[in-house]
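All values reported here derive from a predicted model rather than from experimental measurement. Heavy-atom basis, side chains included; hydrogens, waters and symmetry copies ignored.
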Amino acid sequence: MRRLSALDLFSNNSIKSRRTLSVCATKHQLHNINTHIKMGAEQYRPPLFSVAPMMEWTDKHYRTVARIISKHAWLYTEMLAAETIVYQQGNLDRFLAFPSEQHPIVLQIGGNNLDNIAKATQLANAYGFDEINLNCGCPSAKVAGHGCFGARLMLDPKFVSEAMSVIAANTDVPVSVKCRIGVDDHDSYNELCDFIYKVSSLSPTKHFIIHSRKAMLNGISPADNRRIPPLKYEYYYALLRDFPDLRFTINGGIDCVDEVNAALREGAHGVMVGRAAYNNLWNTLAHVDSAVYGEPSSGLTRRQVLEQYQVYGDAVLGTYGNNRPNMRELIRPLSGFFYAEPGNSLWKRKADAAFLNKNITTVKSFFEETLVVIPDAVLDSPVAELPSGRKDLFANVRGLLPPPYETRTEEVVVYAQS
């Protein structure tokens, strides 16, 4: 069976998602699936806009509020190590379960052991993710700095192709790779193309998310890796030219929906936004459905979003045991909800105090205590006009394209598709 990338499947702006229950799922897992996932065909818009996987940020609580705001943005899980999934088989709901409303959703896994990657994929099948993505871009020393996985995998495209083949062989949903444009001194355009060519030729991978900075594994922090290496959007747009049969999503340095649309007008297949979708949650995601997908504005206000999120929060508060998730974990995704609005700083101070107040035991009571400092005009107004982005972000990118890539076929046997 020929396996397609998510974007291949969206040629008509719709998809009939294919989800099957793993025959090895436990009765407990199956009960959870029946309550959270509506099986069968559902239609999703193409992944023109997606929210990047971010460790300790894009958890199921963040994804819940994100989905309330935007119905069409593609959401990614935090990166989950394959070993975590395999060794937590008795506690998988904590890591993998999600409300059905979070579709379309992509599971990102990391790892460097093919057996564990295969087992993790099999276990994840029961939860009905819409795509599985392999992390080949994280520069964290904990992930890549000791020869483990993440960005360092870009130096071993043969292993990446084996891992992607293993993932594809153990799932019925599309697969993809998220990577950088290079690693350390291996940062030429031809080296990036070698990686893309080998992985796409030796595996079913047809969708790549390209973070347009290289990763530096010489000890600098992940934050510095998002700032110090220069953005090279010309590498991304050259990939579109040189690999017309593949699909690419651009990532890195894109901070608002206006800039998302600028990338799409320049020809990007899709755009992934990271911290802007978290730190400026409302002003970013509330424009996605209308400005990117052309849907009528929902007219939602911040108050209405919080009312819906309160129902979710009070339903899951403490359900993992050991007081998890706790109030702080449930409120953390809202840290950027009032970004740059009157009352924002005071609300954060009241929130910190409320976390310590033993009388505040529900999300409802938390909001009643803290939202009094936010003006009604902020809570009850629909999203403002689309903020303007940087006009020069993709200026002359076509004039900066590197020379065309010349495929090196001598050591690659093309992945056979039937």
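A 4.5 Å side-chain heavy-atom check between Leu114 and Glu162 finds at least one atom pair inside the cut-off. The shortest distance between side-chain heavy atoms of His186 and Leu192 does not fall below 4.5 Å. In this structure the side chain of Arg63 reaches within 4.5 angstrom of the side chain of Ile105, judged on heavy atoms. Put simply, the side chain of Val363 does not reach to within 4.5 Å of the side chain of Tyr312, judged on heavy atoms. Counting heavy atoms from C-beta outward, Leu334 and Val65 have side chains that approach closer than 4.5 Å. Taking the side chain as every heavy atom from C-beta outward, Leu80 and Met55 never approach each other to under 4.5 Å. Side-chain contact between Thr121 and Val166 is absent, with no heavy atoms from C-beta onward closer than 4.5 Å. At least one side-chain heavy atom of Leu217 sits under 4.5 Å from a side-chain heavy atom of Val183.
Between the OG1 atom of Thr284 and the CG atom of Asp258 there is a distance of 11.5 Å, given to the nearest 0.5 Å. Distance check: Leu356 CG to Arg328 CZ gives 6.5 Å after rounding to the nearest 0.5 Å. Atom SG in Cys256 sits 10.0 Å away from atom CG in Asn283 (nearest 0.5 Å). Expressed to the nearest 0.5 Å, how far CG of Leu379 lies from CZ of Phe367 amounts to 10.5 Å. Between the OH atom in Tyr76 and the CG atom in Leu107 there is a gap of 10.5 Å [rounded to 0.5 Å]. To the nearest 0.5 angstrom, Ile210 atom CD1 is 14.5 Å from Lys232 atom NZ.
Few gaps surround OH on Tyr320; more than 12 heavy atoms of other groups in view lie less than 6.0 Å from it. The 12-atom threshold is exceeded at NZ of Lys71, counting heavy atoms of other residues, nucleotides or ligands nearer than 6.0 Å. More than 12 heavy atoms of other shown residues, nucleotides or ligands fall within 6.0 angstrom of atom CG in Asn396.
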* To do: Apply the test side-chain contact (heavy atoms from CB on, under 4.5 Å) to residues Leu264 and Phe49: give CA-CA distance (whole Å), side-chain angles for both, the deciding distance (0.1 Å), then the verdict.
  => CA-CA 10 Å; Leu264 293 171; Phe49 182 101; over 6 Å; no

* Should Trp282 and Val305 be marked as a side-chain contact (heavy atoms from CB on, under 4.5 Å) after you check the CA-CA gap, both sets of side-chain angles, and the distance that decides it? -> CA-CA 10 Å; Trp282 174 253; Val305 171; 3.7 Å; yes

* To do: Would you please test Tyr293 and Leu48 for side-chain contact (heavy atoms from CB on, under 4.5 Å) and show each step?
  => CA-CA 8 Å; Tyr293 288 96; Leu48 300 177; 3.9 Å; yes

* To do: List the steps, then state whether side-chain contact (heavy atoms from CB on, under 4.5 Å) holds for Cys179 with Ile209.
  => CA-CA 6 Å; Cys179 64; Ile209 298 97; over 6 Å; no

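Taking all atoms of both residues into account, the shortest heavy-atom contact from Pro333 to Leu281 is O-CD2, 3.6 Å. Taking every heavy atom of both residues into account, Leu153 and Gly111 meet most closely at CD1-O, 3.8 Å. Here the shortest heavy-atom pairing between Gly128 and His103 reads O-CE1, 2.9 Å. Residues Lys364 and Asp314 approach most closely at N-OD2, 3.3 Å, considering heavy atoms. Closest heavy-atom contact between Pro382 and Thr301: N-CG2, 4.0 Å. Between Asp130 and Pro104, the closest heavy-atom pair is OD2-CA, 3.1 Å.
Aromatic rings of Phe355 and Phe366 (six-membered ring for Trp) have centroids within the 6.0 Å cut-off, being under it. In this structure, Tyr127 has its ring center no closer than 6.0 Å to that of Phe98.
Taking the charged nitrogens against the carboxylate oxygens, Asp187 and Arg180 have no contact shorter than 4.0 Å, which rules out a salt bridge. A salt bridge links Arg45 with Glu295: the distance from a Lys NZ or Arg NE/NH1/NH2 to an Asp or Glu carboxylate oxygen falls below 4.0 Å. Taking a cutoff of 4.0 Å between a charged side-chain nitrogen and a carboxylate oxygen, Asp93 and Lys60 do not qualify as a salt bridge. In summary, Asp380 and Arg303 engage in a salt bridge, as defined by a charged side-chain N under 4.0 Å from a carboxylate O.
The backbone N or O of Asn133 sits nowhere less than 3.5 Å from a side-chain atom of Gln108 that would complete a donor-acceptor pair. In this structure a side-chain-to-backbone donor-acceptor pair under 3.5 Å is present from Asn251 to Met272. Between the side chain of Glu329 and the backbone N or O of Asn326 there is at least one donor-acceptor pair closer than 3.5 Å. Without hydrogens or angle criteria, Asn113 side chain to Asn116 main chain gives a donor-acceptor distance under 3.5 Å. Put simply, the side chain of Ser165 gets close to the backbone of Ser161: a donor and an acceptor are under 3.5 Å apart. Judged by distance alone, with hydrogens and angles left aside, the side-chain atoms of Asn357 form a donor-acceptor pair with the main-chain N or O of Asn359 at under 3.5 Å. Judged by distance alone, the side chain of Arg398 and the main-chain N or O of Glu266 form a donor-acceptor pair under 3.5 Å. Panel note: side chain Ser212, backbone Gly252; no donor-acceptor pair is recorded below 3.5 Å. Although no hydrogens or angles enter the test, the distance criterion places no donor-acceptor pair under 3.5 Å between the side chain of His72 and the main chain of Asp289. In this structure, the side chain of Ser365 engages the main chain of Thr362 through a donor-acceptor pair within 3.5 Å.
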Donor-acceptor pairs under 3.5 angstrom involving side-chain atoms of residues 340-350: please list them, not counting sequence neighbours.
from, atom 1, to, atom 2, distance (Å)
Glu341, OE2, Arg302, NH2, 3.4
Trp347, NE1, Thr370, OG1, 3.1
Lys348, NZ, Ser335, O, 3.3

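Cation-pi geometry between Arg332 and Trp57 is not met: the NZ or CZ atom fails to fall both under 6.0 Å from the ring centre and inside 45° of the normal.
Here Asp242 pairs with Tyr189 under the side chain to side chain donor-acceptor pair (under 3.5 Å) rule; sequence neighbours left out.
In the model, Thr249 has a side-chain atom that pairs as donor or acceptor with a side-chain atom of His207 under 3.5 Å.
Ring pair Tyr233/Phe394 is tilted by interplanar angle, where 30° to 60° counts as tilted.
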